[in-house]
> 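Below is the structure I would like to discuss, written out as structure tokens.
Below, all heavy atoms of this structure are taken into account, side chains as well, without hydrogens, waters or symmetry copies. The structure presented is a predicted model; accordingly, all values stated were derived computationally and were not measured.
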Amino acid sequence: FSDGRMMVDILAQALHRDLLPPHLGLSSNLSHGSQNFAVAGATALDAPDLARLASGAVSITPFSLSVQVSSLLGVDFDGDALVFVGEIGGNDYNYAFLKRLQPLQVMALVPSVVAEVERQLDRLLSEQPRIKKMIILGQFPLGCISLYLGQASSNTNTNTNMSFPLDTHGCIAPISAVTDLHDKLLKLSVAELRRKHRGVEIVFFDLGPAYLDVLDHAAGFGFLETARPCYLSATLLRLLPGGGPMSSSTTMAGAGGEGLKGVAGGGKVCTHPANYLSWDGIHLTDAMHRALVSRFLYTSLGGDPFAEPHP
């Protein structure tokens, strides 16, 4: 979900490649060529494990990471391959929070999520020797996204009864702690994957610090609004307590200098998405994806260490 491109699309263009077609949208007899295997709303954990570990949390799709990896293994590789692994696991945590679990309860889910990510990537690298390069993304800090910031306008969220202390970046500290732990464990998993698959160049992009770097210098990247989303879907409005502080066009005008237009389905959308970090309260705008890719490409070429190259 975005108003434009995802990070993998921008990276593909930077490599002078065409945009990757979605695997599920292709003809069933097409089993070769570059493809995008990501599925909206997908989790790292399979549905039964997510429900068992997160008090009955339910994903909106059955296409978990194991299903996506199986689909990728069914593709005929024409040559050596680069695999871009997005920020897998965030949906597991979002679904858990939507079940009204407390941050400490959601943190207990993290080791299982990261272990499944490592298991599936190990399976992928073990069964597909044509993969020679892999980029693995960490998580951006969930406490910084509009879905949770919108619920923090008062000190307590009436839906989950959670308190919301903010960190120095203006993000919700106990929620960001979940993704901080995820990244800490994921770095260990990446080290283990490197040990087991020495013929593969594996780069870890520490997305959290890169996101905070953009957030702390938002104006320099052209962003006028860092907390509110550009697009407010009817679904997001229902998630916010009392309709939510973001449901008001007056409130939304703020730093972006614009109101919202009504759209089909009861949502509202801004007129200048490039001014916003957040597209819909959960996902990022094309402009934010572009900023993060710029940090990745810069650091991969020897800048500040957001990207940790293969040793």
> Return the CG to CG distance between L53 and L109, rounded to the nearest 0.5 Å.
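Reported to 0.5 Å precision, the distance equals 6.0 Å.
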
> What closest approach, in Å, do P174 and P103 show between heavy atoms, and which atom pair accounts for it?
O-CB, 3.6 Å

> Keeping the roles fixed (side chain from S146, backbone from G281), state whether a donor-acceptor pair exists under 3.5 Å.
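Such a contact is absent between S146 side chain and G281 backbone.
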
> Is S294 reaching over with its side chain to a backbone N or O of A291, donor-acceptor style, under 3.5 angstrom?
yes

> Could you walk me through whether L186 and I136 pass the side chain to side chain contact (heavy atoms under 4.5 Å, CB included) check?
CA-CA 9 Å; L186 185 59; I136 301 174; 4.3 Å; yes

> Would you find a donor on one side and an acceptor on the other, under 3.5 Å apart, between the side chain of E225 and the backbone of R228?
yes

> How long is the gap from CD1 on I175 to CG on D167, to the nearest 0.5 Å?
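So the CD1 of I175 and the CG of D167 are separated by 11.0 Å.
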
> Under a 4.5 Å cut-off applied to non-hydrogen side-chain atoms, are Q139 and D180 in contact?
no

> Before you tell me yes or no, could you show the steps for F97 and Y148 under ring-ring contact (aromatic ring centres under 6.0 Å, His included), namely the whole-Å CA-CA distance, both residues' side-chain angles and the distance that decides it to 0.1 Å?
CA-CA 10 Å; F97 278 123; Y148 300 114; 5.4 Å; yes

> Indicate if V58 and V106 have the same hydrophobic cluster label, given that clusters are the connected sets of ILVMFWY residues with side-chain heavy-atom separations under 4.5 angstrom.
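No; V106 is not reachable from V58 via cluster members.
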
> Between the main-chain N or O of A44 and the side-chain N or O of D92, is there a donor-acceptor pair closer than 3.5 Å?
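Side chain of D92 to backbone of A44, a donor-acceptor pair under 3.5 Å: yes, one is there.
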
> Check step by step if side chain to side chain contact (heavy atoms under 4.5 Å, CB included) holds for C144 and L212.
CA-CA 9 Å; C144 299; L212 294 175; 3.8 Å; yes

> Measure the spacing between CG of L181 and OH of Y93 and express it to the nearest 0.5 Å.
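It is 7.5 Å, given to the nearest 0.5 Å.
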
> Is the number of heavy atoms from other residues, nucleotides or ligands within 6.0 Å of NZ (K132) greater than 12?
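Enclosed.
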
> Between N36 (side chain only) and A38 (backbone N and O only), is there a donor and an acceptor less than 3.5 Å apart?
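Checked: pair present.
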
> Quick check against the 3.5 Å criterion: does S176 have a side-chain atom that pairs as donor or acceptor with the backbone of A173?
no

> Determine which pairs satisfy ring-ring contact (aromatic ring centres under 6.0 Å, His included) with at least one residue from residues 108-143, sequence neighbours left out, and list them in order.
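Residue pairs passing ring-ring contact (aromatic ring centres under 6.0 Å, His included), neighbours aside: F140-Y211.
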
> CD/E87 to CG/L142 distance, rounded to the nearest 0.5 angstrom?
10.0 Å

> Atom OG of S71 and atom CD of Q35: how far apart are they, to the nearest 0.5 Å?
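Between S71 OG and Q35 CD, I get 9.0 Å after rounding to 0.5 Å.
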
> Report yes if some heavy atom in the side chain of R5 is under 4.5 Å from a heavy atom in the side chain of H289; otherwise report no.
no

> Are there more than 12 heavy atoms of other residues, nucleotides or ligands under 6.0 Å from atom CZ of R130?
yes

> Is F296 close to V203 at the side-chain level, that is, under 4.5 Å between some pair of heavy atoms?
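SC-SC contact between V203 and F296 confirmed.
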
> Around D18, counting heavy atoms of other residues, nucleotides and ligands shown, do more than 12 lie under 6.0 Å from its CG?
no

> If only side-chain N and O atoms count, and only distance matters, is there a donor-acceptor pair under 3.5 Å linking H283 with D280?
yes

> Between L101 and S55, is there a side-chain heavy-atom distance shorter than 4.5 Å?
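S55 reaches L101 side chain to side chain.
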
> Can you name the closest pair of heavy atoms from I282 and S278 and give their distance?
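For I282 and S278, the tightest heavy-atom pair comes out as N-OG, 4.2 Å.
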
> On a heavy-atom basis, which atom in L149 and which in C171 lie closest, and how many Å separate them?
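Scanning both residues, the minimum pair turns out to be CD2-CA, 4.2 Å.
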
> Measuring only between side-chain heavy atoms, which start at C-beta, is V114 closer than 4.5 Å to L188?
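Not in contact.
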
> Looking at every non-hydrogen atom in both residues, tell me the closest pair between A218 and T226 and how far apart they are.
CB-CG2, 3.5 Å

> For a quick check under 3.5 Å, do E118 and S189 share a side-chain donor-acceptor pair by atom type?
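Their side chains do contain a donor-acceptor pair, which is all the 3.5 Å distance test asks for.
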
> Given 3.5 Å as the limit, does a donor-acceptor pair link the side chain of R194 with the main chain of I202, or not?
yes

> Nearest 0.5 angstrom please: K99 NZ to Q105 CD, how far?
12.0 Å

> Please confirm whether the backbone N or O of L19 pairs with a side-chain atom of D9, one donor and one acceptor, at under 3.5 Å?
no

> L185 versus V113: any side-chain heavy-atom pair under 4.5 Å?
no

> Salt-bridged, K187 to D206, with N to O below 4.0 Å?
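Salt bridge between K187 and D206, a charged N being under 4.0 Å from a carboxylate O: yes.
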
> Quick one: does W279's side chain get under 4.5 Å of D3's, heavy atoms only?
yes

> State whether D286 and R290 are salt-bridged, where the test is any N-O pair (Lys NZ or Arg NE/NH1/NH2 against Asp/Glu carboxylate O) under 4.0 Å.
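Salt bridge flag = yes for R290 with D286.
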
> Please assess M107 against V178 for the test side chain to side chain contact (heavy atoms under 4.5 Å, CB included), listing each intermediate value before the final yes or no.
CA-CA 5 Å; M107 288 183 76; V178 172; 3.5 Å; yes

> Please give me the minimum heavy-atom distance between R295 and A210, naming the atom from each residue.
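Scanning both residues, the minimum pair turns out to be CB-CB, 4.3 Å.
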
> Going by atom types alone, do H197 and D122 pair a side-chain donor with an acceptor below 3.5 Å?
yes

> Do Q120 and S64 pass the side chain to side chain contact (heavy atoms under 4.5 Å, CB included) test, and can you show the C-alpha distance, the side-chain angles, and the key distance before you say yes or no?
CA-CA 11 Å; Q120 292 302 329; S64 63; over 6 Å; no

> Under a 4.5 Å cut-off applied to non-hydrogen side-chain atoms, are M7 and F84 in contact?
yes

> Where the side chain of T61 meets the backbone of A42, is there a donor-acceptor pair that is under 3.5 Å apart?
no

> For I135, which of L11, V85, V8 qualifies under side-chain contact (heavy atoms from CB on, under 4.5 Å)?
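For I135, the side-chain contact (heavy atoms from CB on, under 4.5 Å) test succeeds with only one of L11, V85, V8, which is L11.
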
> Between D49 and R52, is there a salt bridge with N-O shorter than 4.0 Å?
yes

> In a check of side-chain contact (heavy atoms from CB on, under 4.5 Å) between L277 and each of L292, L224, L215, which one passes?
L215

> Could you verify whether a donor N or O on one side chain and an acceptor N or O on the other, from N91 and T43, lie under 3.5 Å apart?
no

> Going by the rule side chain to side chain contact (heavy atoms under 4.5 Å, CB included), which residues pair with H217 if we only count those two or more places apart in sequence or in a different chain?
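Result, side chain to side chain contact (heavy atoms under 4.5 Å, CB included) vs H217: D213, F221.
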
> So, Q68 side chain and S70 main chain: donor-acceptor pair closer than 3.5 Å or not?
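Side chain of Q68 to backbone of S70: no pair is present.
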
